[in-house]
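Please read these numbers as outputs of a predicted model, since none were measured by experiment. Quick note: numbers below take in every heavy atom, side chains included, and nothing from hydrogens, waters or symmetry partners.
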Amino acid sequence: MKRVIAYFVLAGMLGTGAFAQPEARSPQEDGPQLTSQDADKAKLQFAAATHDLILTFLAEGDYQAVLPEFRKILALDLENGFEDRLTQGAWQIVEELRAQGRYDLAHQIIGETLEQVDDIDNRFDLLILQGKTFKDQGRYQDAILSLQKARQLRPQSEDSQNKDPR
């Protein structure tokens, strides 16, 4: 029982990043074949390392290194449902940039991520983040426009429009 608990604690510590692999498998488990899963795994590992590198640059205050490194993640052209991880990673980076008052760089990260993602949920999240960043800057009209764009991706149904909000 103690081994099981120790395993889950260790697994939780190793898989906390936005791009962390949920479960690593050895080649012996799957056989010696090279698949698109192997390529995806390699891309995710590269993205995870790059994401952590970016967060380290931010902690160090090396803002010039952030965008070129983030573009390396974008260049991976993550597919197969990995847009969620890209959006989550961008969100974490932008939150740190917002906390440090680096709004121009935050907007560049948001804009370039928006150009790459197609999923409505991810676009919604990024537009909300863009609105929050504009609001932090006191750019309220820009914030309103971003938040309205996000809301347009998720319009209310007729049933919910007719309900009493109480």
Self-check item: Straight-line distance of Y63 OH to L105 CG, nearest 0.5 Å
Solution: 9.0 Å
Self-check item: Joint hydrophobic cluster, L145 plus L114, side-chain heavy atoms closer than 4.5 Å
Solution: no
Quiz item: Does a side-chain heavy-atom distance below 4.5 Å link I54 with I73?
Solution: yes
Quiz item: Are side-chain heavy atoms of V66 and Q108 found at a separation under 4.5 Å?
Solution: no
Exercise. Using atom types as modelled and distance alone, determine if a side-chain donor or acceptor of Q130 lies under 3.5 Å from a backbone N or O of S146.
Key: no
Self-check item: Side-chain heavy atoms of E60 within contact of F57, under 4.5 Å
Solution: yes
Quiz item: How about K135: does its NZ atom have over 12 heavy atoms from other parts shown lying under 6.0 Å from it?
Solution: no
Exercise. Side-chain contact test, heavy atoms from C-beta onward, threshold under 4.5 Å: evaluate it for L67 versus E112 and give yes or no.
Key: yes
Exercise. Could you give me the CA-CA distance, side-chain angles and deciding distance for E96 and Q100, then say whether side chain to side chain donor-acceptor pair (under 3.5 Å) is met?
Key: CA-CA 6 Å; E96 186 62 35; Q100 296 181 21; 2.6 Å; yes
Quiz item: How long is the gap from CD on E69 to NZ on K72, to the nearest 0.5 Å?
Solution: 3.5 Å
Self-check item: Sole candidate of T133, V94, L97 that passes side-chain contact (heavy atoms from CB on, under 4.5 Å) when paired with H107
Solution: T133
Quiz item: Side-chain contact, heavy-atom cut-off 4.5 Å: L147 with F134?
Solution: no
Practice problem: Measure the CD-CG distance between Q92 and D52 for me, rounded to the nearest 0.5 Å. | Solution: 9.0 Å
Quiz prompt | E83 versus D118, closest heavy-atom pair with distance | solution = OE2-N, 3.0 Å
Quiz item: For the hydrophobic clusters of this structure (ILVMFWY residues joined by side-chain heavy atoms under 4.5 Å, transitively), does one cluster hold both L129 and I144?
Solution: no
Quiz item: If you look at every heavy atom in D77 and K43, which pair is closest and at what distance?
Solution: O-NZ, 4.0 Å
Practice problem: Drop me the distance from D125's CG to I110's CD1, to the nearest 0.5 angstrom. | Solution: 11.5 Å
Quiz item: Taking side chain as C-beta onward, heavy atoms only, is L86 less than 4.5 Å from L74?
Solution: yes
Quiz prompt | From D119 atom CG to F124 atom CZ, the distance as rounded to the nearest 0.5 Å | solution = 12.0 Å
Exercise. Treating Ile, Leu, Val, Met, Phe, Trp and Tyr as nodes and any side-chain heavy-atom pair under 4.5 angstrom as an edge, say whether L127 and Y103 lie in one connected cluster.
Key: no
Quiz item: Say you draw a straight line from CD1 of I128 to CZ of R123; how long is it, rounded to the nearest 0.5 Å?
Solution: 13.0 Å
